[in-house]
Amino acid sequence: MAVCTGLIVANIYYCQPLIVLIANEFKIPEANAGTITYLTQAGYAIGLFFMVPLGDKIERKKQILMTTFASVIALIMAATAQSFFILQIASLLLGITSIVPQLILPLAASLTAPEQRGKVVGTIMSGLLVGILLSRTLSGFIGQILGWRSMFYIAAGICLLIFFAIQSKFPVNKPQFQGSYGQLIKSLFTLIKTQPVLREATLINMFCFAQFGAFWTTMVLLLSGAPFGFNSATIGLFGVVGASGALAAPLVGRLGDKKNPRIAVGFGCLLMLISFIVFFFSIESVIGIIIGIVFIDVGIQGVHISNQTRIYSLLPEARNRLNTVFMSFSFLGTAAGSAYGLLLWKLGGWHAVTIGCAVLALLALLVYGLTYKSKSKK
């Protein structure tokens with residue numbers, strides 16, 4: 001499950017180191033080419049909201065297989081796009097069909113004993129995070145050597161292999177929800193209204209994912225320009241640095257099983273704030289950027305895994321819907337963060353990006369602190 005999760009979520013991030021190559025082929029500004037990054041994230045949020053809840057209503061393995069095959073079609077569409085507009089549409093569809101990791105996680109949680117759930121979620125999340133981060137390294141090298149279209153063709157082949165692996169290995173898992181699709185979607189809003197832990201975890205995650213999206217989108221623009229002038233392959237190598245931080249994911253999950261996972265959320269938010277302080281002073285320093293990447297990736301893992309463990313413990317019969325609310329808003333945060341980062345880049349370059357992201361980190365800490373105080377008063 002961890003391997004499948006990592007390989008499929010990578011589809012969303014292959015485009016990031018390829019922005020410069022895509023801009024050159026279609027003869028458009030790099031910032032405009034960057035729109036495919038947040039269209040992919042927006043598509044992911046759409047898929048999360050409208051498709052992931054079905055995991056509580058239809059058989060999960062069947063849904064995972066159908067969605068994986070759809071992602072193969074979207075990848076081929078991206079690889080063969082003859083205009084940037086078609087590539088934008090393909091990017092949106094690719095985001096919508098790359099929700100498989102968010103179908104796998106509730107399935108894994110439903111198969112796991114409560115005392116091991118944090119560890120299992122952490123293990124699968126480590127696969128997801130490695131996929132997110134190493135996808136940039138792989139696409140950077142493939143793009144530089146074979147061209148950006150080759151990356152999408154290769155990804156389509158990978159997803160086809162995953163389809164057969166899932167068909168062979170995944171267990172059948174029967175749903176428990178008996179209502180209509182309309183009732184299923186309506187119940188999402190009921191969960192938001194009645195579950196304060198879900199509201200808090202989702203809002204914090206949204207702010208943190210916005211920082212993550214803004215950083216990884218604009219970092220490509222920073223490293224491709226002066227004084228660095230790195231090509232897509234070199235830029236992709238920075239994903240390896242982030243992937244090393246993903247090793248912390250299972251550890252965070254185990255800590256959540258033994259102690260209150262909310263503690264790790266606070267430390268993660270703080271670490272992300274520190275990362276942007278480091279980035280601010282690293283406009284010409286590769287070492288500083290590397291240190292900041294480790295901080296931001298370990299920080300977001302602490303926030304995300306701990307929050308996900310918290311929401312999975314709320315209502316076992318509604319895990320897909322809880323995950324829908326949690327991840328839909330998280331990836332809306334990523335999409336908005338990517339657009340926000342590009343806007344800040346146009347307005348004031350790297351320093352504007354780092355200051356704007358530090359503000360988001362402070363907002364996440366503010367939500368954490370206010371909810372903590374309200375609980376203390378109760």
Side-chain angles (χ1 to χ4, degrees), residues 45 48 105 117-118 121-122 125 128-129 191-216 242 245-246 248-280 292-315 322-337 340-341 353-378:
L48 282 166
L105 279 160
R117 189 166 294 133
V121 169
M125 279 300 301
L128 183 142
L129 291 163
L191 290 171
I192 294 171
K193 183 178 179 181
T194 59
Q195 299 295 325
V197 171
L198 177 63
R199 292 196 301 270
E200 180 210 33
T202 301
L203 190 55
I204 291 173
N205 245 54
M206 189 168 66
F207 283 127
C208 290
F209 271 54
Q211 298 166 59
F212 195 72
F215 167 72
W216 282 104
L251 177 61
V252 172
R254 289 189 190 99
L255 289 173
D257 288 332
K258 293 178 181 179
K259 298 181 180 180
N260 183 356
R262 195 176 183 278
I263 296 171
V265 174
F267 281 115
C269 290
L270 186 60
L271 204 54
M272 293 187 76
L273 174 61
I274 293 170
S275 75
F276 285 103
I277 296 172
V278 174
F279 288 137
F280 181 87
I293 287 173
V294 172
F295 283 175
I296 193 174
D297 282 311
V298 173
I300 200 165
Q301 288 165 45
V303 172
H304 183 62
I305 295 167
S306 302
N307 273 334
Q308 203 153 34
T309 302
R310 293 169 70 206
I311 67 159
Y312 283 153
S313 65
L314 297 175
L315 297 169
L322 291 166
N323 201 43
T324 292
V325 173
F326 179 67
M327 291 306 303
S328 294
F329 283 97
S330 294
F331 274 87
L332 277 174
T334 309
Y340 175 63
V353 171
T354 54
I355 292 169
C357 288
V359 171
L360 294 177
L362 288 170
L363 289 172
L365 283 166
L366 179 64
V367 172
Y368 180 84
L370 288 175
T371 48
Y372 178 79
K373 286 181 181 178
S374 66
K375 286 179 180 179
S376 297
K377 287 178 182 178
K378 288 179 184 178

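One is the number of the first residue; the rest follow in order along the sequence.
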Should the ring pair F331 and F209 be called parallel, tilted or perpendicular, given that the plane angle runs from 0 to 90° and is split at 30 and 60?
-> perpendicular

I204 and C269 have their tightest heavy-atom pair at CG2-SG, 3.7 Å

Side-chain heavy-atom pair F329, I192 within 4.5 angstrom cut-off | yes

F280 CZ: over 12 foreign heavy atoms closer than 6.0 Å = yes

Side-chain heavy-atom pair W216, T334 within 4.5 angstrom cut-off | no

Look up atom CG in L362 and atom CE in M272, then write down how far apart they are to the nearest 0.5 Å.
-> 12.0 Å

Donor-acceptor under 3.5 Å (R262 side chain, Y368 main chain) = yes

Side chain to side chain contact (heavy atoms under 4.5 Å, CB included) between F212 and L360: does it pass, once the steps are laid out?
-> CA-CA 10 Å; F212 195 72; L360 294 177; over 6 Å; no

Can you tell me how far the CD atom of Q211 sits from the OG1 atom of T354, to the nearest 0.5 Å?
-> 12.0 Å

Side chain to side chain contact (heavy atoms under 4.5 Å, CB included) between I296 and I300: does it pass, once the steps are laid out?
-> CA-CA 6 Å; I296 193 174; I300 200 165; 5.5 Å; no

Heavy-atom closest contact (A364 atom, C208 atom, distance) | CB-SG, 4.1 Å

In short, V325 meets T202 closest at the heavy-atom pair O-CG2, 3.8 Å

Assess whether atom CZ of F295 is packed by more than 12 heavy atoms of other residues, nucleotides or ligands within 6.0 Å.
-> no

Output the distance between atom CG (L105) and atom CG (L128), rounded to the nearest 0.5 Å.
-> 7.0 Å

Run the side-chain hydrogen bond (donor to acceptor under 3.5 Å, both in side chains) check on Q308 and N323 step by step: do they pass?
-> CA-CA 8 Å; Q308 203 153 34; N323 201 43; 3.0 Å; yes

Give a yes or no answer on whether the side chain of S313 reaches the backbone of R310 with a donor-acceptor pair at less than 3.5 Å.
-> yes

According to the interplanar angle, ranging from 0 to 90°, do the rings of F215 and F276 count as parallel (below 30°), tilted (30 to 60°) or perpendicular (above 60°)?
-> perpendicular

Spacing of I277 atom CD1 and I355 atom CD1 [to the nearest 0.5 Å] | 11.5 Å

Between S306 and V265 the two heavy atoms that sit nearest each other are CB-CG2, 3.7 Å

How close do V303 and N205 get, heavy atom to heavy atom, and via which atoms?
-> CG1-OD1, 3.4 Å

What one should report as the nearest heavy-atom pair of L365 and G266 is CD2-O, 4.1 Å

Roughly how far, to the nearest 0.5 Å, is the CG atom of L322 from the CD atom of Q195?
-> 6.5 Å

